[in-house]
Amino acid sequence: MLQTSAIRDHFEVYTKGLQKRGIQNAADILQNILKIDEERRNTQLQLDDLLAQSNQMAKQIGQLIQSGKKDEADQAKKDTAALKQQSKELGPKLQEIEKQLTEALYNIPNIPHDSVVAGKSAEDNEIVKQADENIPDLPESAKPHWDLIEEYDIIDFELGNKVTGAGFPFYKGQGARLNRALVNYFLDEALKAGFTEVQPPILINEDSGYGTGQLPDKEGQMYQVIESNLYMIPTAEVPITNIYRDVILNAEQLPIKNVGYTPCFRREAGSWGAHVRGLNRLHQFDKVEIVEINHPDQSYETLDKMVAHVENLVKGLGLPYRILRLCGGDMGFTSALTYDFEVFSAAQKKWLEVSSVSNFETYQANRLKLRIKGDDGKKILAHTLNGSALALPRIVAALLENNQGAEGIAMPEVLHPYLGFKSITKK
RNA sequence: AGAGGAGUGGCAGAGUGGUCGAAUGCGGCGGUCUUGAAAACCGUUGUACCGCAAGGUACCGGGGGUUCGAAUCCCUCCUCCUCUGCCA
């Protein structure tokens, strides 16, 4: 969430920033925050004053009792009744105001970076790079991946329906091995790039959900384990970033670079249709995620490096890709700047999003209370970043479609050592 | 899952109703001494909010309660340890 002090200091900039996201009444919203905050400060001042008096009285009573002046002590006890009454009223009032303030702040998205253009939807995203030289020239008979996976018997949706439900496919044989190969390839590349591998829990508690911003606004998108009050992760970002909740880092520890592979679970309620056939959208999928924490001065350099890392992966797989800079209206709630990677799936003739790389600046760090202690001992909020590197199913879809041939489906060379075979073939 | 015990500052560890934001030790930082280092000695050393400051307030696992006053008493939740059970 945003910091109230920052809203006060950069009111104009913040207003314009929110307008880029299409929030017309941004000034009113921010003004309301400042109003509640002022009320909060006034109330706290009053309460502090009352408590100071009470503390003073309590000390005196203690002294009176110890020096045997019982009558005076009893009188003083009576005198404190009024103070107590007042603070009993003010305490809950302050809590109520604080609750209002955080709720109001939770409802305000991050301020977009300068380079982000205003815009309403995906239509307005900027293409910053288009590398489409690898688009294959497929014959008319080319099949979409949902036909190929049946033909080669490598992914089974029917089985998933039976055992779990729609959107939970089984990967079988060479399909399962392809997934494992991709995960290993992605992890190994991340290790080469200096990331530390972590294997986080895939269930998280409520605090973690709030920490990275999935809660309260995106509650419906996560699966819940109600009897334990836990959530299934929609992305490894949540557990890996929450490692650093309530943490004060030393400047020398930066940058923090973690990578983790996890399954991801998304309910994606109400977004099913023809355009999400096959592997295009699932309730459970595999993803390798990179998470970095760095000093505010370096975070955009870090973002560029992460983008380069992801680009290296899609290039390695030989897939046609493009990089988008998301516009204000299409960007995630908590992000200040997001680059999306899309690969071209040649039989569907569609660009599929396979990665999203974002700088959250201090938006998550403020919720997480993640700070950096400088040499001067001063503490500042860190910048958090993350990116998919990469999400598997759509990569699989593009690989299958783009590389299909009469003799099977050729696999990119970088995967050969991991796969143990060079193409997917019929049994 | 059941029974018992425990959670205090970076760490260790005192503190069972008042002057406790909290002894003491270790570690960290600054200094004295030294050619330098070690040792010794002296000082300093939590976080957040309000305030120009002085200062005030809150925090002893989380939340709630009793009391004029809670680290200390009560309730509840969480975590850890020991024993029993179950289990990849």
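Below, read A as the first sequence line, B as the second, and so on, with proteins coming before strands; counting in each chain starts at 1. Predicted model, so just to flag it, every value in this text is computed and none were measured.
Of the candidates B:rA58, B:rA48, B:rG56, B:rA48 carries the atom nearest the A:Lys379 side chain, counting heavy atoms from C-beta on. Checked against B:rC68, B:rU57, B:rG51, the side chain of A:Ala58 finds its nearest nucleotide in B:rC68.
When side chains are defined from C-beta on, A:Gln298 does not count as touching A:Lys305, because their heavy atoms never get closer than 4.5 Å. No side-chain heavy atom of A:Tyr171 sits under 4.5 Å from any side-chain heavy atom of A:Leu178. Annotation: side chain of A:Asn294 is not in contact with side chain of A:His383 (no heavy-atom distance under 4.5 Å). Here the side chains of A:Asn386 and A:Glu289 are in contact, with some heavy-atom distance below 4.5 Å. Taking the side chain as every heavy atom from C-beta outward, A:Ile424 and A:Leu400 approach each other to under 4.5 Å.
Residue contacts for A:Ile65: at a heavy-atom cut-off of 4.0 Å it reaches a base atom on one of the strands shown. No engagement by A:Lys78 is indicated, since no non-hydrogen atom pair under 4.0 Å with the nucleic acid exists. Within the nucleic acid shown, A:Ala52 comes within 4.0 Å of sugar-phosphate atoms alone, with no base atom in reach, counting heavy atoms only. In this structure, A:Ile61 reaches the bases: a heavy-atom distance under 4.0 Å links it to at least one base atom across the strands shown.
Rounded to the nearest Å, the gap between the C1' atom of B:rU16 and that of B:rU67 is 16 Å. A gap of 12 Å separates the C1' atoms of B:rU8 and B:rC20, to the nearest Å. Spacing between B:rC41 and B:rU24 at atom P, rounded to whole Å, works out to 15 Å. As rounded to the nearest Å, B:rG27 and B:rA1 have C1' atoms that lie 42 Å from one another. Using atom P as the reference point in both B:rG51 and B:rG36, the two lie 48 Å apart (nearest Å). Using atom P as the reference point in both B:rC77 and B:rC59, the two lie 23 Å apart (nearest Å). When the C1' atom is used for both B:rG46 and B:rG9, the distance is 6 Å, rounded to whole Å. When the C1' atom is compared between B:rA37 and B:rU32, the two are found 15 Å apart, to the nearest whole Å.
B:rA71: no Watson-Crick or G-U partner with both key distances under 3.5 Å is found in any strand. Pair assignment for B:rC86: none, as no Watson-Crick or G-U wobble contacts are both less than 3.5 Å. Applying the Watson-Crick and G-U wobble criteria (two distances, each under 3.5 Å), B:rU34 pairs with nothing in any strand. Judged by Watson-Crick or G-U wobble contacts below 3.5 Å, the nucleotide B:rA12 has B:rU24 as its partner. Under the Watson-Crick or G-U wobble criterion, with both distances below 3.5 Å, B:rC80 is paired with B:rG5. Both distances falling under 3.5 Å, in either a Watson-Crick or a G-U wobble arrangement, place B:rC59 opposite B:rG46.
Proximity of A:Lys59 to the phosphate of B:rG69: no side-chain N or O atom is located under 4.0 Å from OP1 or OP2. Put simply, A:Asn55 has a side-chain N or O that comes within less than 4.0 Å of OP1 or OP2 on B:rU57. An OP1 or OP2 oxygen of B:rG69 is reached within less than 4.0 angstrom by a side-chain nitrogen or oxygen of A:Lys84. Within the structure, every side-chain polar atom (N or O) of A:Arg371 is placed at least 4.0 Å from both OP1 and OP2 of B:rU47.
Residues A:Lys78 and A:Asp74 are not paired through a salt bridge, judged by the lack of any N-O separation under 4.0 Å between the basic side chain and the carboxylate.
Toward the 5′ end of RNA chain B lies the nearest nucleotide of A:Gln95, the other residue of the pair A:Ser54 and A:Gln95 mapping further downstream. Mapping A:Gln53 and A:Arg41 onto RNA chain B by nearest heavy atom places A:Arg41 at the nucleotide closer to the 5' end.
One side chain, A:Ser208 or A:Arg245, offers a donor N or O that lies under 3.5 Å from an acceptor on the other.
The NZ-C1' distance, from A:Lys373 to B:rC29, rounds to 10 Å in whole Å. If you measure from atom CG of A:Leu230 to atom C1' of B:rC78, you get 12 Å, rounded to the nearest angstrom.
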